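Lettering of chains follows the sequences in order, A, B, ..., and the numbering in each one begins at 1. Here the structure is a predicted model, which means the values were calculated and not measured. Any value given below was found using the heavy atoms of this structure, including those in side chains, with hydrogens, waters and symmetry copies removed.
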2 protein chains.
Amino acid sequence: MKDPRLLTDDALANGVAVRLERLLGLFRRLSPPHELSLTATSVLATLERSGPGRLTVLAAREGVTQPAMTQLISRLEEADLAAREPDPADGRVVLVRMTATGRAMLARRREIRAGRLAVMLAALTPDDRAALAAALPAMDALASAVPGDETLAAARPLS
Amino acid sequence: MKDPRLLTDDALANGVAVRLERLLGLFRRLSPPHELSLTATSVLATLERSGPGRLTVLAAREGVTQPAMTQLISRLEEADLAAREPDPADGRVVLVRMTATGRAMLARRREIRAGRLAVMLAALTPDDRAALAAALPAMDALASAVPGDETLAAARPLS
DNA sequence: TATTGTTATACTCTATAACTATA
DNA sequence: TATAGTTATAGAGTATAACAATA
């Protein structure tokens, strides 16, 4: 332990896990209230980031069952936030895509959240803000390291 | 914008919000599956951090209604994770506290989560790990800036 | 016969409204 | 009369099991 800036892997994991737990609570309070479930929001975000995908793949990614995803997509479809499309190559498959309305709603929610977060960030010290800014790429790397985070089209339904 | 390390407040807020959104998904997948609801976990964590508190205050903090909290506490009590106590000073009040079992369960969940996170952190570059370690105090400051994050005993039921 | 998705049914969690007990 | 909490009832969201359609 020659370099005090570096923690052991275990200590860092504990530290990050604890902060994520607390920031999760913060995030929930920052988010516009329950017009949309947490999973629904996550599915829309996935569709926006990775493009249209199979229902089975979406279910595996969100950690819910296939029937649950069927119903969730039905609800999103009813609200005009997502849409089902047939797969020309395989008649059994349903491809789920995001609608323009869904994209707009996601953008609006993010705007509200960012606005509230900006108020809180303004209360931090400049050093803290700089540290957060410097950690953004690392957060991206961490989020991208999630197994199964390829494009939806390529991903398989989990072995 | 003389210093490239510093973003505008709005850009930083957007950046942090986007990362929190993605890391939230990561965190959900890292957590041991649904033996305990997200709100239940959050309540236990709050009780551990801030000590015993009123049911009304807990409800306000978690953003759920008072009846929902009544039922949640009943479930936690049945599982021996939390306990109700009367308030000697006011016969209407119920004080909720955490049990030793609840504390142990929370610790076990964190251990599992940290273990899984350690694997993912090991895949990052040393620079990324250092950036995350350097941002931990800022994350604490951010989480502590949440309005109503005083001790539960002092907090009021939200005006 | 295996795979993709849907339907049927039950359980958990939360909300709103009505109620009880204490201040 | 106001406040703290509970009970009653309804709805959203999820899981498991059984089913239909395509490969």
Side-chain angles (χ1 to χ4, degrees), chain A residues 25 28-29 31-44 52-79 81-97 152-159, chain B residues 25 28-29 31-44 52-79 81-97 152-159:
Chain A
R28 285 207 297 165
R29 254 175 287 181
S31 299
H34 324 61
E35 36 187 44
L36 226 56
S37 85
L38 210 59
T39 308
T41 312
S42 184
V43 166
L44 287 179
R54 293 186 183 195
L55 202 141
T56 307
V57 176
L58 286 172
R61 256 174 96 126
E62 298 303 326
V64 301
T65 62
Q66 195 178 72
M69 188 53 67
T70 291
Q71 292 182 42
L72 171 55
I73 297 302
S74 297
R75 288 192 298 270
L76 290 178
E77 206 167 24
E78 199 168 356
L81 300 175
R84 283 180 167 90
E85 282 173 0
D87 183 341
D90 189 334
R92 297 170 301 181
V93 168
V94 165
L95 291 177
V96 181
R97 67 169 179 79
L152 289 179
R156 292 155 313 161
L158 200 66
S159 60
Chain B
R28 285 206 298 165
R29 255 176 287 183
S31 299
H34 325 61
E35 34 186 46
L36 227 57
S37 85
L38 210 60
T39 306
T41 312
S42 184
V43 167
L44 287 179
R54 292 187 183 194
L55 202 140
T56 306
V57 177
L58 287 172
R61 257 175 95 126
E62 298 302 326
V64 301
T65 61
Q66 194 179 71
M69 188 53 69
T70 291
Q71 293 181 39
L72 172 55
I73 298 301
S74 297
R75 288 193 298 270
L76 291 178
E77 205 167 24
E78 199 168 355
L81 300 175
R84 283 178 167 91
E85 283 173 1
D87 183 342
D90 188 333
R92 297 169 301 180
V93 169
V94 164
L95 291 177
V96 181
R97 68 169 179 79
L152 289 180
R156 291 155 313 162
L158 198 68
S159 58

**Asked** Taking the side chain of A/Val93 as heavy atoms from C-beta outward, which of C/dT6, C/dG5, D/dA4 is closest to it?
**Response** C/dG5
**Request:** List the atom of A/Leu55, the atom of A/Met69, and the distance in Å for their closest heavy-atom pair.
**Result:** O-CG, 3.7 Å
**Prompt:** Which whole-number value in Å describes the distance from B/Asp87 CG to D/dG5 P?
**Reply:** 9 Å
**Prompt:** In a check of side chain to side chain contact (heavy atoms under 4.5 Å, CB included) between A/Val96 and each of A/Ile73, A/Val43, A/Leu72, A/Leu76, which one passes?
**Reply:** A/Ile73
**Message:** Looking only at the side chain of B/Gln71 (C-beta and beyond, no hydrogens), which of the listed nucleotides D/dT6, D/dA8, C/dT6 gets closest?
**Reply:** D/dA8
**Complete:** Separation between CG (A/Leu95) and CZ (A/Arg84), nearest 0.5 Å, reads 11.5 Å
**Prompt:** Contact class for A/Thr39 vs. all strands (heavy atom < 4.0 Å): base, sugar-phosphate, or nothing?
**Reply:** sugar-phosphate
**Euclidean distance, atom CD of residue B/Glu62 to atom P of C/dC13 [Å, nearest integer]** = 14 Å
**Prompt:** For the pair made of CE in B/Met69 and P in D/dT7, what is the distance, rounded to whole Å?
**Reply:** 16 Å
**Prompt:** What's the closest nucleotide to the B/Ala68 side chain, out of C/dT14, D/dG5, C/dG5?
**Reply:** C/dT14
**Message:** Once rounded to the nearest 0.5 Å, what's the spacing between atom CZ of B/Arg75 and atom OG1 of B/Thr70?
**Reply:** 10.5 Å
**Request:** Mind calculating the distance between CG (B/Leu58) and C1' (C/dT14) to the nearest angstrom?
**Result:** 16 Å
**Prompt:** Whole-Å distance between D/dT6 P and B/Ile73 CD1?
**Reply:** 9 Å
**Item:** Integer-rounded Å distance: C/dT12 C1' and B/Leu36 CG
**Value:** 12 Å
**Asked** What's the CD-P distance between B/Gln66 and C/dA18, to the nearest Å?
**Response** 16 Å
**Prompt:** Just by protein heavy atoms under 4.0 Å, how would nucleotides 18-23 of chain D read 5' to 3' in B, S and -?
**Reply:** ----BS
**Prompt:** To the nearest angstrom, how far is A/Leu38 atom CG from D/dA12 atom C1'?
**Reply:** 14 Å
**Asked** D/dG5 phosphate, OP1 or OP2: any side-chain N/O from B/Thr70 under 4.0 angstrom?
**Response** no
**Prompt:** Between D/dA4, C/dT14, C/dT6, which nucleotide gets closest to the side-chain atoms of B/Arg75?
**Reply:** C/dT14
**Asked** Which angle, to the nearest 10 degrees, lies between the helix axes at the two ends of the helix from C/dT1-D/dA23 to C/dA23-D/dT1, each defined by five pairs?
**Response** 10°
